[in-house]
J.: 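Below are the structure tokens for one structure; questions will follow.
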Amino acid sequence: MIPAAFEYHRPKDMEGVLSVLAEHGDDARVLAGGHSLIPMMKLRMADVPHLIDLQDVGGLGGIDVADGTIRLGAMVTQAEIIAHEGLAKAAPILREASLQIADPQVRYMGTIGGNVANGDPGNDMPGLMQCLDATFTLVGADGERQIAAREFYQAAYMTAREDDEVLTGVSFTVPSGGYAYEKQKRKIGDYATAAAAVQITRDGETCSGAAIAMTNLSDTPIFSDAAGAALTGTQVTDSDIDAAVKAMLSDIDPTEDNRGPIEFKRHASAVILRRAIARAWSRA
Amino acid sequence: MKDEITREDRVDALGGMGCKRKRVEDARFTQGKGKYVDDIKLPGMLFGDFVRSPYAHARIKSIDTSAALAVDGVVAVLTADDLRPLGLHWMPTLAGDKQMVLADGKVLFQGQEVAYVVARDRYIAADAVELVEVEYEDLPVLVDPFEALKSDVVLREDLVAEDGSLPDGAHGPRKHPNHIFTWEVGEKEATAQVIDSAEIVAEESMYYHRTHPCPLETCGCVASMDKVNGKLTLWGTFQAPHAIRTIVSLISGIEEHNIRVISPDIGGGFGNKVGAYAGYVCSVVASIVTGVSVKWIEDRMENLMTTAFARDYWMKGRISATPEGKITGLWCEVTADHGGFDACADPTKFPAGFMNICTGSYDIPTAYLAVDGVYTNKAPGGVSYRCSFRVTEAVYFIERMIEVLAIELNMDAAELRRINFIRKDQFPYQSALGWEYDSGDYHTAWDKALKAVDYDGLRAEQAQRVEEFKAGKTRKLMGVGLSFFTEIVGAGPVKNCDILGLGMFDSCEIRIHPTGSAIARLGTISQGQGHATTFAQILASEIGLPADSITIEEGDTDTAPYGLGTYGSRSTPVAGAATAMAGRKIRAKAQMIAAYLLEVHDDDVEFDVDRFAVKGAPEKFKTMKEIAFAAYNQAIPGIEPGLEAVSYYDPPNMTYPFGAYVCVMDIDVDTGVTDIRRFYALDDCGTRINPMIIEGQVHGGLTEALAVALGQEIAYDDMGNVKTGTLMDFFLPTAWEVPNYETDYTVTPSPHHPIGAKGVGESPHVGGVPCFSNAVNDAFRAFGLRHTNMPHDHWRIWKTANDLGLHG
């Protein structure tokens with residue numbers, strides 16, 4: 001478990017990052033917390049001749065809650081997300097989800113940017129960002145552009161990010177209503193067997209809007225528009241939840257692995273989503 | 001301040017047996033100051049790394065090392081062809097088989113060692129490994145032992161004669177080229193007759209899956225050949241350093257006095273570090289060839305995929321009883337998957353270890369056991385993972401059979417155990433399969449355990465839960481897991497226990513220093529068990545010097561007396577006995593010195609805590625400290641100066657620790673998630689040396705039991721690919737997954753052990769696995785489940801519930 005030789009770059013600013021990327025194209029990768037990339041390099045599954053450490057690059061940190069919008073710099077760690085009281089108040093689902101990612105040691109290193117940018121279907125943040133309808137900011141040679149989290153993921157480890165771009169931050173509107181991040185995993189540190197991110201708004205007895213995204217049940221996170229739609233306008237009765245679950249099940253495409261066969265994963269994802277909806281609705 | 005020092009004060013000052021002495025090792029272990037094999041750095045040291053087979057079964061057409069050798073910093077690349085002239089391309093296994101050191105024409109399991117790269121640093125070595133080009137021709141893969149016994153595919157051509165006949169193996173005739181041995185114990189016909197004519201018979205097949213000991217520190221070594229003085233020093237993660245020295249001498253031809261084997265601090269062994277591995281042989285050869293030291297350290301995937309696994313037993317049982325529940329006979333047939341080579345670590349005469357302890361804690365008059373060992377395309381091994389030889393398999397088997405019989409009888413499983421326990425007055429008890437149980441009081445332990453957990457209350461709660469479940473009020477079931485186990489540890493009597501011909505005695509050598517402190521060296525080696533703490537406590541009580549004044553040293557074959565090492569809970573039963581016996585020799589000489597100093601006859605002084613006193617005149621005494629000094633500065637007629645002793649202890653019998661465990665578990669039938677609400681563990685390990693260390697051992701053993709029962713496995717796909725090669729998929733529980741354990745005890749000393757101690761390190765694992773598994777099975781008993789195999793991970797539990805129609 002020793003990676004192939006690589007060149008280590010530690011630029012001081014984004015200009016420096018972009019120039020290494022421009023020079024080496026897909027031979028270069030940026031490094032944030034390293035919890036996805038470094039194991040892949042050690043297993044020699046990722047060949048990264050040029051590794052660009054973002055640690056010294058300014059302007060990539062910070063949690064900003066203002067004017068109804070939340071902005072997180074790409075290098076914000078999960079530990080920072082958990083600790084931030086303003087964020088916990090504005091978007092409590094982030095803390096609830098972050099606490100279910102690995103263990104404290106990992107969360108001190110793991111970043112929001114790395115988690116969403118790598119395109120690992122096991123990561124929790126991509127689905128969560130889709131649920132929150134977040135926007136990712138990418139910087140490249142041609143400047144900055146925005147892309148919706150719901151448009152970002154193409155396949156496992158394949159995203160809309162170009163090789164010479166860096167994901168610098170995520171932003172989303174302060175969510176309202178009830179929330180839940182429900183995750184089944186085999187043990188601490190494991191990826192989800194099934195996980196669901198749910199945000200629900202309520203108008204009296206009626207659900208006025210619902211966003212539902214699932215994790216590790218396809219080769220990308222799954223934003224299930226239909227599942228959310230199935231709840232909207234209903235009173236979130238058992239049969240409404242059944243409809244949402246049914247819609248979700250037709251959107252996911254799990255594969256068999258050591259967590260279990262497809263049949264089990266479909267069953268577990270239904271159970272997890274039911275629980276997430278029930279908890280989110282109870283908080284709405 | 002007290003003016004008088006009482007006898008109690010003197011006992012306390014010793015820190016001897018029975019006190020909760022803090023572990024002296026922890027100062028370094030908890031501060032990251034241990035010195036492990038990978039901490040050893042020698043001038044000019046080279047690093048070895050393996051090219052390993054991606055195939056589970058393939059012929060090797062060619063190996064091209066030229067690109068690897070061209071890398072700056074690569075010193076050598078060894079293949080079987082390089083080892084052949086030395087006769088080291090194969091090595092003997094502990095099971096009487098032989099094993100390729102480097103692939104000799106073919107590979108038999110994924111991850112098998114094909115070539116050994118030696119380079120200036122481990123990074124260069126890892127790069128060069130990628131550049132060795134091996135051309136494979138893949139062969140049909142056998143991962144199922146039952147298939148293997150029927151297949152035309154021959155895994156071990158080296159074990160088939162030219163005329164196609166099958167020469168006997170190390171354990172007798174073989175019935176198929178992929179068959180290793182058949183081992184039979186007990187009365188076959190009589191048992192068949194008893195069971196066939198019984199009114200009540202329960203049958204069950206169960207698979208005890210393959211798993212791995214997975215110590216935190218992987219295996220590794222540093223070999224250093226000094227060409228000037230001809231001496232080879234080998235540091236490594238060895239659970240049996242002396243045995244390794246002898247093996248290295250036998251296979252290398254280097255005289256044993258020129259080999260020094262050192263086990264430094266070891267980060268857990270659990271059986272994984274008993275055997276001899278290709279990495280050791282290649283490192284020694286590389287050091288001899290290059291003249292400099294060579295280090296080899298496994299990475300985690302190599303450890304999980306290639307160094308010794310555990311279990312992998314397919315067991316078929318039949319058990320018969322009277323309608324009242326008295327067991328009359330037990331039949332056990334095992335098909336044992338040993339992988340590509342038979343590298344089980346068992347005493348020579350026991351190819352399936354002590355599997356014949358499978359009659360458990362019960363008075364079963366008639367029994368029969370047959371074990372067939374089989375070659376497959378999996379990694380070799382078959383070690384005792386935190387247990388004595390194959391005892392976890394045996395105890396799991398009988399504790400599951402008891403549960404199945406209870407179902408057959410429609411009887412409470414706790415009561416069924418009670419009416420079949422060997423009674424206290426039956427000890428020493430001769431079992432149907434050949435063991436003599438030394439001592440036990442099972443009924444007392446069982447009653448204490450059931451009372452502690454309010455067993456009847458648990459059953460009432462469980463019945464209510466079933467009703468609620470059926471009424472749709474809950475989706476959680478409740479399981480009450482029971483197990484009562486008897487271990488067989490302390491291998492063992494030289495008359496029937498040896499490894500590679502080496503009798504399984506153990507040893508202790510003590511030197512008392514003039515100022516009344518001491519050093520004791522043993523043939524065992526701690527891997528975290530706390531020997532430096534507990535052996536000093538035994539000695540403190542035996543020789544009357546404070547434990548804090550006694551250094552315990554193990555693991556250096558140049559200084560320690562010969563011993564067979566630490567595994568199978570043998571340290572306390574065997575080396576602990578040797579320690580007590582050596583201590584008694586010290587005391588015997590001290591008595592003579594004391595008598596001389598007190599000017600009385602030898603028989604007129606008696607030992608009392610920390611001194612010898614004149615009988616009837618306790619105010620006239622000499623402390624052991626004073627006696628130690630006298631041993632070095634007085635000319636005593638008829639007595640040699642100095643105070644030293646050595647003892648080699650050949651145990652007259654094994655020891656038989658036992659225990660009663662109860663697990664209360666809630667199971668979410670929709671997700672398969674388990675929640676262990678309560679775990680109660682009563683252990684009887686005979687005399688208790690250090691209650692705190694016992695408790696720690698119980699916690700650790702139970703945690704490894706939880707791991708194995710609930711998810712830890714080495715799984716292969718049909719092509720022989722390891723599916724669980726990292727800690728993402730191989731379940732190693734963390735504090736989060738581990739419940740609170742309640743520990744308890746009874747004390748039934750071993751009658752034949754000098755201090756009555758039986759050993760405890762492995763009991764919790766042996767008893768814990770069936771307890772967790774029985775809890776899962778028990779949760780579904782009300783819905784018609786008889787048996788479901790481990791590991792009970794989420795999806796398998798879900799599947800059990802699904803198969804029972806519990807998902808609607």
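So that the names make sense, note that chain A is the first sequence line, chain B the second, and so on, each numbered from 1. Just so we're clear, the structure is a prediction, and the values are computed from it rather than from any experiment.
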J.: Which atoms of B:Arg300 are under 4.5 Å from chain A, going by heavy atoms: the side chain, the backbone, both sets, or neither?
T.: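 Backbone plus side chain of B:Arg300, per the 4.5 Å heavy-atom cut-off to chain A.
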
J.: Please look at B:Leu732 and chain A and tell me whether the side chain, the backbone, both or neither of the residue comes under 4.5 angstrom of a heavy atom of that chain.
T.: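 Answer is backbone: N, CA, C or O of B:Leu732 sit under 4.5 Å from chain A.
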
J.: Any residues in residues 713-725 of chain B near chain A, with a heavy-atom distance under 4.5 Å, and which are they?
T.: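 Checking residues 713-725 of chain B against chain A gives B:Lys723, B:Thr724.
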
J.: Take a 6.0 Å sphere around OH of B:Tyr207 and say whether it holds more than 12 heavy atoms from other residues, nucleotides or ligands.
T.: yes

J.: With under 30° as parallel and over 60° as perpendicular, where do the rings of B:Phe469 and B:Phe783 fit, or are they tilted in between?
T.: perpendicular

J.: Is the closest side-chain heavy-atom distance between B:Ser283 and B:Tyr116 below 4.5 Å?
T.: yes

J.: Main chain of A:Asn115, side chain of A:Asn123: is a donor-acceptor contact present, judged purely on distance under 3.5 Å?
T.: yes

J.: Which residues in residues 799-808 of chain B have any heavy atom closer than 4.5 Å to a heavy atom of chain A?
T.: B:Asn802, B:His807

J.: Taking A:Lys265 for its side chain and A:Thr255 for its backbone only, find out whether a donor-acceptor pair lies under 3.5 Å.
T.: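 Yes; judged by distance alone, with no hydrogens or angles, the pair exists.
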
J.: Main chain of B:Val769, side chain of B:Ser773: is a donor-acceptor contact present, judged purely on distance under 3.5 Å?
T.: no

J.: Select one option (side chain, backbone, both, neither) describing which atoms of A:Lys42 are under 4.5 Å from chain B's heavy atoms.
T.: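 Contact with chain B is absent: no heavy atom of A:Lys42 under 4.5 Å.
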
J.: Are B:Tyr123 and B:Phe47, when compared by the centres of their aromatic rings, separated by less than 6.0 Å?
T.: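 So the answer is no for these two rings.
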
J.: Contact part of A:Arg259 toward chain B, heavy-atom cut-off under 4.5 Å: side chain, backbone, both or neither?
T.: both

J.: Any side-chain to backbone donor/acceptor pair from A:Arg283 onto A:Tyr179? Under 3.5 Å, distance only.
T.: yes

J.: Using 4.0 Å as the upper bound for N to carboxylate O, is an ion pair formed by B:Lys476 and B:Asp675?
T.: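 Between B:Lys476 and B:Asp675 there is no salt bridge, as every charged N stays at least 4.0 Å from the carboxylate O atoms.
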
J.: Do side-chain atoms of A:Gln78 reach the backbone of A:Ser98 as a donor and acceptor pair under 3.5 angstrom?
T.: no

J.: Can you tell which part of B:Thr671 gets under 4.5 Å to a heavy atom of chain A, answering side chain, backbone, both or neither?
T.: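 It is both, since atoms from each part get that close.
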
J.: Which atoms of A:Arg274 are under 4.5 Å from chain B, going by heavy atoms: the side chain, the backbone, both sets, or neither?
T.: neither

J.: So which part of B:Arg475 gets closer than 4.5 Å to some heavy atom of chain A, the side chain, the backbone, both or neither?
T.: neither

